[in-house]
Amino acid sequence: MRDGGRLAAAIAILEDMDARHQPVRLALKSWGVGARYAGAKDRAFVSGLVLDCLRRRRSLAWRMGDQAWRAIVLAAVGFSWGWPLERIAAAAADPFGPGALSEVETERLAAPLSILEAPPGVKGDFPDWTEAMFTRAFGESAVEEGAALAERAPVDIRVNTLKTDPERALKALRPLGAQRLEASATALRIEPAASTERSPAVEALPEFAKGWFEIQDLGSQIAAKTVRDIGHRQVLDFCAGGGGKTLALAALMANTGQLFAYDSDGRRLAQTQERARRAGVRNLQVRTPLRPDPLRGLEGRMDLVFVDAPCTGSGVWRRHPDAKWRLTEDQLRRRMVEQDEVLAAASAFVKPGGRMAYVTCSMFCEENEDRVDAFLAAALDFHLAERYRRLTPRVNGADGFFIADLERRPATVT
């Protein structure tokens, strides 16, 4: 495919995504099924362009004075990718391109509108209705935090200490450009590929099949590690999902004690057993909701209950940029209700003197501090063991995470 065909494809995918009100991954898949002529490089190019358009949708549209996807795609290759005007004009006018540039498009690409006086949501590339929440969480840094969420994310890797050590894992991954991270001895990073390139094939390495490492963002790894010493303990991963943090907890436990994985959606647990076998986990029990009373017998027995709560996912907008434009206030309210319910339900399994970790990948206080404060106001036998911790791409170079360490007071001796 030539430049023109690639630009036209990106515009068509974004328009199809909007028309069908579907996630961008489905729009990309639909295009890929029909575009048999597109090679691997073409698909990587088009996918990268589509995602970069979504990451900076508002600021790109502002600079062009036009919110249409055509304008945003042209702005992305001009302002984000650095194409000269001549190349953009030639691509647009190509027989397979989206059509010759108009006078206004040519003018805007040559002299874009300034965003210096633009609203914060434009500068930070987030929806206007979330501005107050960003400001509440980050104050004067709200725009910078939003802009950091519009960057491409690296590929972070957690070394599985049940199977290998960081040095051996690094040696296996070095051909893909992996480097150590100071934030964690078991974390490695591969910097983001260029927008037109495919991400490195970590999962194709033989060592991945052997269980030496898992793809897991640094923020997620840090969230799991905040539980401190859990060896020889009883641990319940209450919202285990696909099992990423479950495996991280298992490695911290070094196959001692007992680890239980549960999720209210049994389908999300489907791969957990197989992933655990590959990782060499031997102390895991999966408790599926497909069976009656799946957590019976665990009430009040857990040293730690890990709650990776359902949330808006605003902290991972770097990886899922379409999600920030699909998020609604109603969805946020529903998540807050679910978070209250999850906290109340999970707390029943914490033993006196035990702990509960509440974790979200959300940037918003409404899903984080507010939910913990509401829980503590109702559950008087719990208290905050340590200060809240918030991770962000701008400050920590990780996805956005919130972590609260709660403790149940020991039983009173009478």
Side-chain angles (χ1 to χ4, degrees), residues 55 124-126 130 133-159 179-192 214-228 230 237 239 241-242 244-249 251-252 304 306-321 323-324 327 332 335 339 343 355-373 384-406:
R55 290 186 176 101
D125 274 295
F126 50 74
T130 66
M133 295 190 296
F134 268 95
T135 301
R136 181 185 173 197
F138 302 110
E140 295 181 354
S141 301
V143 167
E144 289 79 4
E145 292 288 355
L149 284 166
E151 299 289 339
R152 294 195 303 276
V155 176
D156 286 346
I157 295 159
R158 179 183 60 80
V159 178
Q179 300 290 331
R180 294 182 182 275
L181 287 176
E182 292 184 3
S184 171
T186 55
L188 305 175
R189 170 166 292 176
I190 301 172
E191 292 300 330
E214 295 282 342
I215 298 174
Q216 186 176 24
D217 177 74
L218 175 63
S220 180
Q221 296 184 48
I222 292 174
K225 282 196 168 186
T226 57
V227 299
R228 302 189 304 276
I230 53 175
D237 188 355
C239 303
K245 293 186 184 67
T246 306
L247 300 184
L249 292 170
L252 291 171
L304 171 72
F306 191 90
V307 181
D308 185 11
C311 68
T312 58
S314 53
V316 295
W317 281 349
R318 297 188 301 173
R319 303 179 191 279
H320 306 288
K324 63 180 167 181
L327 181 64
L332 171 62
R335 288 290 179 264
Q339 288 152 4
L343 271 168
R355 291 179 294 125
M356 180 167 64
Y358 176 74
V359 176
T360 77
C361 55
S362 170
M363 308 287 276
F364 305 139
C365 298
E366 288 75 6
E367 298 184 88
N368 297 327
E369 290 94 336
D370 288 359
R371 304 281 54 81
V372 175
D373 290 348
L384 190 65
E386 293 185 5
R387 293 180 61 185
Y388 300 132
R389 185 171 185 184
R390 178 178 272 105
L391 308 174
T392 75
R394 185 180 76 91
V395 176
N396 308 99
D399 285 346
F401 273 88
F402 172 85
I403 307 153
D405 187 4
L406 310 176

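- Taking 4.5 Å as the limit, every side-chain heavy atom of F401 sits out of range of all side-chain heavy atoms of N396.
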Applying side chain to side chain contact (heavy atoms under 4.5 Å, CB included), run through R189 and E191 and close with a yes or a no. CA-CA 6 Å; R189 170 166 292 176; E191 292 300 330; 3.4 Å; yes

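- Remark: the T186 side chain and the K225 side chain contain an N/O donor-acceptor pair separated by less than 3.5 Å.
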Should L188 and R180 be marked as a side chain to side chain contact (heavy atoms under 4.5 Å, CB included) after you check the CA-CA gap, both sets of side-chain angles, and the distance that decides it? CA-CA 5 Å; L188 305 175; R180 294 182 182 275; 4.2 Å; yes

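- When side chains are defined from C-beta on, M363 does not count as touching C311, because their heavy atoms never get closer than 4.5 Å.
- A side-chain donor-acceptor contact under 3.5 Å links D156 to the backbone of L218.
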If you apply the rule side chain to side chain contact (heavy atoms under 4.5 Å, CB included), what do you find for L332 with T130, and how did you get there? CA-CA 10 Å; L332 171 62; T130 66; over 6 Å; no

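- Rounding to the nearest 0.5 Å gives a distance of 9.5 Å between OH of Y388 and CG of N368.
- Under the 3.5 Å distance criterion, with hydrogens and angles disregarded, a donor-acceptor pair is assigned to the side chains of T312 and E367.
- Nearest heavy-atom pair across A404 and V372 is CB-CG2, 3.9 Å.
- Here CG of D405 is found 14.0 Å from CZ of R387. Values are rounded to the nearest 0.5 Å.
- Here the straight-line distance linking atom CZ of R371 with atom CZ of F402 works out to 11.0 Å at 0.5 Å rounding.
- Heavy atoms only, all atoms of each residue included: R319 and P154 are closest at NH1-O, 3.0 Å.
- Smallest separation of non-hydrogen atoms from A150 and K324: CB-NZ, 4.1 Å.
- If you look at F306 and Y358, their ring centroids are not closer than 6.0 Å.
- The line from CD of E214 to CG of L247 is 5.0 Å long, rounded to the nearest 0.5 Å.
- A search for side-chain hydrogen bond (donor to acceptor under 3.5 Å, both in side chains) contacts involving T226 returns nothing, not counting sequence neighbours.
- Between R136 and E366 there is a salt bridge, since a side-chain N of the basic residue sits under 4.0 Å from a carboxylate O of the acidic one.
- Under a 4.0 Å N-O distance rule, the pair D237/K245 does not qualify as a salt bridge.
- Distance check, rounded to the nearest 0.5 Å: CZ of R390 to SG of C365 gives 4.5 Å.
- The pair D125-R55 fails the salt-bridge criterion, with no side-chain N (NZ, NE, NH1 or NH2) lying under 4.0 Å from an Asp/Glu carboxylate O.
- Comment: R355 does not engage E386 in a salt bridge, judged by the lack of any side-chain N to carboxylate O separation of less than 4.0 angstrom.
- To the nearest 0.5 Å, atoms SG (C361) and CD1 (I403) are separated by 11.5 Å.
- Here Q216 pairs with R158, S220 under the side-chain hydrogen bond (donor to acceptor under 3.5 Å, both in side chains) rule; sequence neighbours left out.
- Minimum heavy-atom separation, A357 to L304: N-CD1, 4.1 Å.
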Stepwise side chain to side chain contact (heavy atoms under 4.5 Å, CB included) test for L149 and F126: CA-CA 9 Å; L149 284 166; F126 50 74; over 6 Å; no

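- A donor-acceptor contact under 3.5 angstrom links the side chains of E145 and T392, judged on distance only.
- In this structure, C239 and A309 approach most closely via the heavy-atom pair SG-CA, 4.5 Å.
- Residues E151 and P393 have side chains not in contact (no heavy-atom distance under 4.5 Å, counting atoms from C-beta outward).
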